[in-house]
Amino acid sequence: MSATTQVRPKLYESQKLALWYFAVAIALFGLQLTFGLIAAYQQLNPNFLFELAPFMTNRTLHVNTLVVWLLVGLVGGVYWFLPQETGREVVGIKAAKIIWWVIVAGVLVLAGIYLFVQYGPGEMSTLWLYMEGREYLEAPRWVDLALVLWVAIFLFNVIATTLASRRVTGLLLVLIFDLVALGALYSAGMHYNINVTMDQFLWWWVVHLWVEATWEVLVGVLMAWSLMYLLGTPRKVVETWLFLEVALVFGTGILGLGHHYFWIGTPEYWLGLGGFFSALEPLPLVAMVVHALYDAGGHRLLAVNKPAVFWLVAQAFGNFIGAGVWGFMQTLPQINMYSHGTQLAAAHGHLAFFGAYLSTVLMLTYVVVQQARPVLSVPLDSRWWKWAAGLMIFGIVGITGAFTISGFTQTLIERAEGGSTWAAFIRAYTHPWYANTLGWRYFFGWIMIIGYLILVYDLLTIGKHAVATVKATAVATAGGGDD
Amino acid sequence: MQIHWLEVTIAAIAIAVVLTRVLSKGAGWLSWRFWRGAMIASSITMTTILFVLSFFTVQEARPGSGRIPPWTVINHEIGLKWDAERQWQVPVVGEETGFFGQVYSPEEAEALVNKGKITFQARNCMECHTLLGNGAYYAPDLTRAWLDPWWETRIKPMVGAESREEAMMKWLMNPPQYPQGTRRMPNLNLTEEEARALVAFLKWMAAIDTNGFPPHYSLTYEQR
Amino acid sequence: MIDTAARAEMVRTLMLLEFVFAMLPGFYGVFYILGQVLHRRWLRLLGYGFGAAQVGVVLLMIRTGYLEPFWVRVMLVLTLAYVAMPPALWALAKAIHRENTDTLQPS
Ligand code: HEM
Ligand code: HEM
Ligand SMILES: [Fe+2]
């Protein structure tokens, strides 16, 4: 292998902070998988931990750690690239460090509450202290406030650094507006509403407008930086294409929100609006594939960082297949009426989060890991990253396949034939086509975990030989000098 | 106000295109400036339309507005009937029969449903169940739970209850004692007050007009 | 109200067809773009094959008669968009690269 070594340029303080972000993100990823595995096992054996930690507890931890580690990874990516983009240290880095450790402590306390307190009395104080009880947004109000503070300081960092650098690039412009929207949307999820229709109406402003609009644009920005810094695509091309992606993502995704307003008590015009605009949501994802492949292919994948380029391309495809294809599959109202709220949604949720966001964060992690050591290894490569990637992708494909089959079964048995009652629900989950997939899902969960363990080993060791080589060379030269 | 989706769709696209032309005046369509204009135009247009539509949606999503029942619906008999024109079931509200043997005033009913909604969140029900189809997929959908025939045919004799609301309350207060299927619901230590409020919340939700979801729900008005 | 068996049949048919309908433009886009990137004609042709299959599936879906006339038209518009998109976006990417390379950086 023609690997060479370079001495690493000095890291900015915000890049050192980003290292912590990624370390914590990868650790939380491990927790996420563990709780997912327990939840999957509880479907096979409903008595497992029934008294101590029932299904809802493990699932809460599974989806909450998911959202938190992905968000941490994406924000970490911004802290990593921001000084490169602006050519200066991030303004307000002290505050960023303090709030970071506050957030880490808060997340640990919250995990403890979820695990050991689990729920509270039916009073407002419970929503403030322990449990808000809305899927993905279970975190009690005090955590919401801490998160808002975190995002506010992060926004300040980005805006102040941009202003201080006196150069508002197109990328920074998009980033700033996107972060403002992302933060503002979160506040839509911080209200108690007695009317369950209005409750879910606003809940989707956070959930859908995060993953299908603002997160997607944030990823677009991070991908644009990566294309520039990994593959050397010219800035003007990257920015022009990013604008096109944002035009399409917001042009389809904002009114695509309507695909969640078919059945929650909202008026009928959402059936057409949601169906039409969300059916076009895969278009920007096609644009992302075109761009990533155009530039990765143009350079024949001869990059400085092989695992990062791999995950960059995997992200483009994964985003398109997981979000685009699996989402499209159930987005037209005629189908959604029957498949809504079945395991089919979970099939899509797994593949979409994996393809769009997990791949992005792993790509960023490898970018960062290359620079985490004092001596760079170029190109960054190892045997193990391929195993980690292969096993994790195999795992998620298996899990998604299992959920897809059980989703079809549930849709047909419970919804189309059974009339959606309690008895029909039981008939669906005891049907062999549903019951058998539970075992496969559990099996593929273990595959994922093995992939994860290899990933952690790889992240700890990849590029280390470069340091050793340099040391050996140094010793040899020193020895030679003695003679 | 009557809103037609096709008009909104065409208007949205037209406005975005025109606005792009205005913002990117003089820029070639492959240029950086053109697409920056397109991005700004599409973001502003779609956000504005979403806000306007949300304003109208909120009007229609008020309790008592037609689609969402008033709180006092818990005092009434509730059922579903087939709407031949819309091709799905719609909720129908029948005569006043009381709830737990009592007729609730509007304020009392709201307070009770409110307590039920808070309890629903505090006990994290949504991480096993779906309601209005959203949530987790470990346990049955609760949108029309009040109308489930299972309460009458199976749970009522099992827990020894006189009425449906009493059957639901008793079952909810200790589900592991009366397991249904292989998956069991944990005992969430509900007080009697909380369980009663939860039943009220579920009954109120069962009367929301959901455009027919869940499809062809078992208990139709005619069948009873 | 149609009876239960007929309803189950409808959901099964529509869901399977729509599943395939969602997959095919996916394969089309992926193979078409791979063909372009790797300069392999057969990959691109394979892509076109999937594109054509997508049109076939839409026609099948319409022939089942389960879609109301209005939704038939919506499906046709969507199909058109998905058939045109991969080559259109590829051409656009090429043009934008050509236009914006080796010129001055913006501000
Ligand atoms: C990266 C982007 C995306 C992510 C991470 C994502 C994730 C999810 C998740 C987790 C759910 C389940 C929500 C719940 O728990 O109730 C969901 C639902 C849904 N998604 Fe996506 N999604 C993405 C993009 C898309 C796209 C592009 C489409 C459409 C083409 C789509 C269509 C849908 C639909 C129709 C549902 C509702 C399913 C139901 O009725 O139960 N999604 N999505
Ligand atoms: C060890 C691997 C994993 C296993 C065994 C697993 C298992 C599960 C189970 C059993 C559920 C609950 C489904 C239900 O409510 O019936 C779930 C939900 C979910 N998981 Fe996983 N999971 C794993 C990995 C992942 C990964 C890697 C991601 C994302 C990248 C993910 C994202 C989600 C999401 C978004 C949901 C909520 C889905 C929805 O509400 O529609 N999981 N998972
Ligand atoms: Fe969505």
Side-chain angles (χ1 to χ4, degrees), chain A residues 43 46 50 54-56 59-60 119-124 126-127 131-135 138 170 194-198 200-201 236 239-240 243-244 246-247 250-251 254-255 257 262-269 271-273 276 337-338 340-343 346 415 419-423 425-426 430, chain B residues 3-6 8-9 12 16 32 35-36 38-39 42-43 46-47 49-50 57 60-61 63 67-68 113-115 117-124 126-128 130-138 140-141 148 150 181-184 186 188 194 205 208-211 213-218:
Chain A
Q43 303 204 336
F50 179 68
F55 180 82
M56 65 192 197
R59 194 186 190 278
T60 302
Y119 54 79
E123 276 149 28
M124 279 312 274
T126 301
L127 310 194
M131 167 59 64
E132 206 182 309
R134 298 152 84 208
E135 193 196 6
E138 291 87 349
I194 166 176
N195 178 350
V196 68
T197 296
M198 278 315 295
Q200 295 205 349
F201 184 82
K236 210 169 168 192
E239 288 189 348
T240 308
F243 294 156
L244 179 145
V246 177
F250 283 163
I254 292 180
L255 290 182
L257 174 60
F262 296 161
W263 325 115
I264 64 169
T266 35
E268 277 168 55
Y269 46 80
L271 290 169
L273 277 171
F276 183 77
M337 178 169 213
Y338 295 92
H340 176 50
T342 65
Q343 304 255 321
R415 295 289 165 71
S420 313
T421 57
W422 196 347
F425 180 80
I426 294 177
T430 47
Chain B
I3 297 175
H4 299 285
W5 79 265
L6 196 59
V8 176
T9 302
W32 188 88
W35 287 102
R36 189 185 60 177
M39 167 179 80
S42 117
S43 311
M46 298 304 168
T47 310
I49 292 180
L50 176 63
T57 299
E60 289 199 51
R67 301 188 63 91
I68 313 291
V113 174
N114 189 38
K115 176 87 180 168
K117 174 69 173 17
I118 295 179
T119 306
F120 195 91
Q121 290 183 224
R123 293 301 201 281
N124 205 8
M126 204 180 173
E127 277 292 336
C128 282
T130 45
L131 64 163
L132 303 174
N134 296 312
Y137 321 110
Y138 188 71
D141 183 68
D148 201 309
W150 198 262
T182 52
R183 298 180 183 176
R184 285 181 302 160
L188 297 169
E194 287 171 332
M205 180 163 63
I208 295 179
D209 183 344
T210 56
N211 292 343
F213 178 86
H216 314 279
Y217 194 79
S218 142

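Each chain gets a letter, A, B and so on, in the order the sequences are listed, and its residues count up from 1.
Within the model, atoms CD of B/Gln121 and CD1 of B/Ile118 stand 7.5 Å from one another, a figure rounded to the nearest 0.5 Å. Rounded to the nearest 0.5 angstrom, A/Phe425 CZ and B/Asp148 CG are separated by 12.0 Å. Considering CZ of A/Arg134 and CG of A/Leu127, their distance stands at 9.5 Å, rounded to 0.5 Å. We find the OG1-CE distance between A/Thr240 and B/Met39 to be 10.5 Å, quoted to the nearest 0.5 Å. Atoms CD and CZ, from B/Glu127 and A/Phe55 in turn, are 8.0 Å apart once rounded to the nearest 0.5 Å.
Remark: side-chain polar atoms of A/Glu239 are paired, donor with acceptor, to backbone N or O of A/Gly170 under 3.5 angstrom. Side chain of A/Thr126 to main chain of A/Met131: no donor-acceptor pair is present (N/O by atom type, distance under 3.5 Å, no hydrogens or angles). Panel note: side chain B/Arg67, backbone A/Thr266; a donor-acceptor pair is recorded below 3.5 Å.
For B/Thr130 against B/Gly135, the heavy-atom pair with the smallest separation is CG2-N, 3.7 Å. B/Ala12 and A/Leu255 make their closest contact through CB-CD1, 4.4 Å (heavy atoms, listed as atom of the first residue, atom of the second, distance). Minimum heavy-atom separation, B/Pro186 to A/Phe50: CA-CZ, 3.5 Å. Closest approach of A/Gly251 and B/Ser42 over heavy atoms only: N-OG, 3.4 Å.
Heavy atoms of A/Tyr119 lying under 4.5 Å from chain B belong to its backbone as well as its side chain. At a 4.5 Å heavy-atom cutoff, the contact between A/Met198 and chain B is made by side-chain atoms alone. For A/Pro54, the part lying under 4.5 angstrom from a heavy atom of chain B is the side chain only. In this structure, chain A has heavy atoms under 4.5 Å from both the backbone and the side chain of B/Leu50. Heavy-atom distances place both the backbone and the side chain of A/Ile264 under 4.5 Å from chain B. The contact between B/Arg184 and chain A is made by backbone and side chain atoms together, counting heavy-atom distances below 4.5 Å. For B/Asn211, the parts lying near chain A are the backbone and the side chain together; criterion is any non-hydrogen pair under 4.5 Å. Both the backbone and the side chain of B/Leu188 have a heavy atom closer than 4.5 Å to some heavy atom of chain A. Both the backbone and the side chain of B/Ala38 have a heavy atom closer than 4.5 Å to some heavy atom of chain A. For a residue to count as touching a neighbouring chain, one of its non-hydrogen atoms must lie under 4.5 Å from one of that chain's; by this rule B/Ser43 touches chain A with backbone and side chain alike. Residue contact with chain B, scored on non-hydrogen atoms closer than 4.5 Å, involves the backbone and the side chain of A/Leu244 alike. Both the backbone and the side chain of A/Ser420 come within contact range of chain B, judged by heavy atoms closer than 4.5 Å. For A/Phe262, the part lying near chain B is the backbone, with the side chain staying farther off; criterion is any non-hydrogen pair under 4.5 Å. For A/Glu132, the parts lying near chain B are the backbone and the side chain together; criterion is any non-hydrogen pair under 4.5 Å. Using a 4.5 Å cut-off between heavy atoms, A/Leu273 touches chain B through backbone and side chain atoms alike.
Using a 30° and 60° split on the angle between ring planes, B/Phe213 and A/Trp263 fall in the parallel class, below 30°.
Chain B forms the most heavy-atom pairs under 4.5 Å with one residue out of A/Gln343, A/Glu135, A/Gln43, A/Arg415, and that residue is A/Glu135. Interface remark: of the candidates B/Asp141, B/Asn124, B/Thr119, B/Asn124 forms the most heavy-atom pairs closer than 4.5 Å to chain A. Highest contact tally toward chain B, considering only A/Ala423, A/Gly120, A/Ala346, is held by A/Gly120 [criterion: heavy-atom pairs under 4.5 Å]. Chain A forms more heavy-atom pairs under 4.5 Å with one residue of B/Cys128, B/Pro140, B/Pro214 than with any other, namely B/Pro140. Taking A/Leu257, A/Thr430, A/Asn195 one by one and counting their heavy-atom pairs under 4.5 Å with chain B, the maximum is reached by A/Asn195. Between chain B and the residues A/Glu138, A/Met56, A/His340, the most heavy-atom pairs under 4.5 angstrom are made by A/His340. Contact tally against chain B (heavy-atom pairs below 4.5 Å) for A/Phe250, A/Tyr338, A/Phe276, A/Phe243: the top residue is A/Phe243. Interface summary for chain B: among A/Ile254, A/Thr197, A/Leu271, the most heavy-atom pairs under 4.5 angstrom belong to A/Ile254. Interface remark: of the candidates B/Ile49, B/Leu131, B/Asn134, B/Asn134 forms the most heavy-atom pairs closer than 4.5 Å to chain A.
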Could you walk me through whether B/Tyr137 and A/Thr342 pass side chain to side chain contact (heavy atoms under 4.5 Å, CB included), step by step? CA-CA 6 Å; B/Tyr137 321 110; A/Thr342 65; 5.9 Å; no
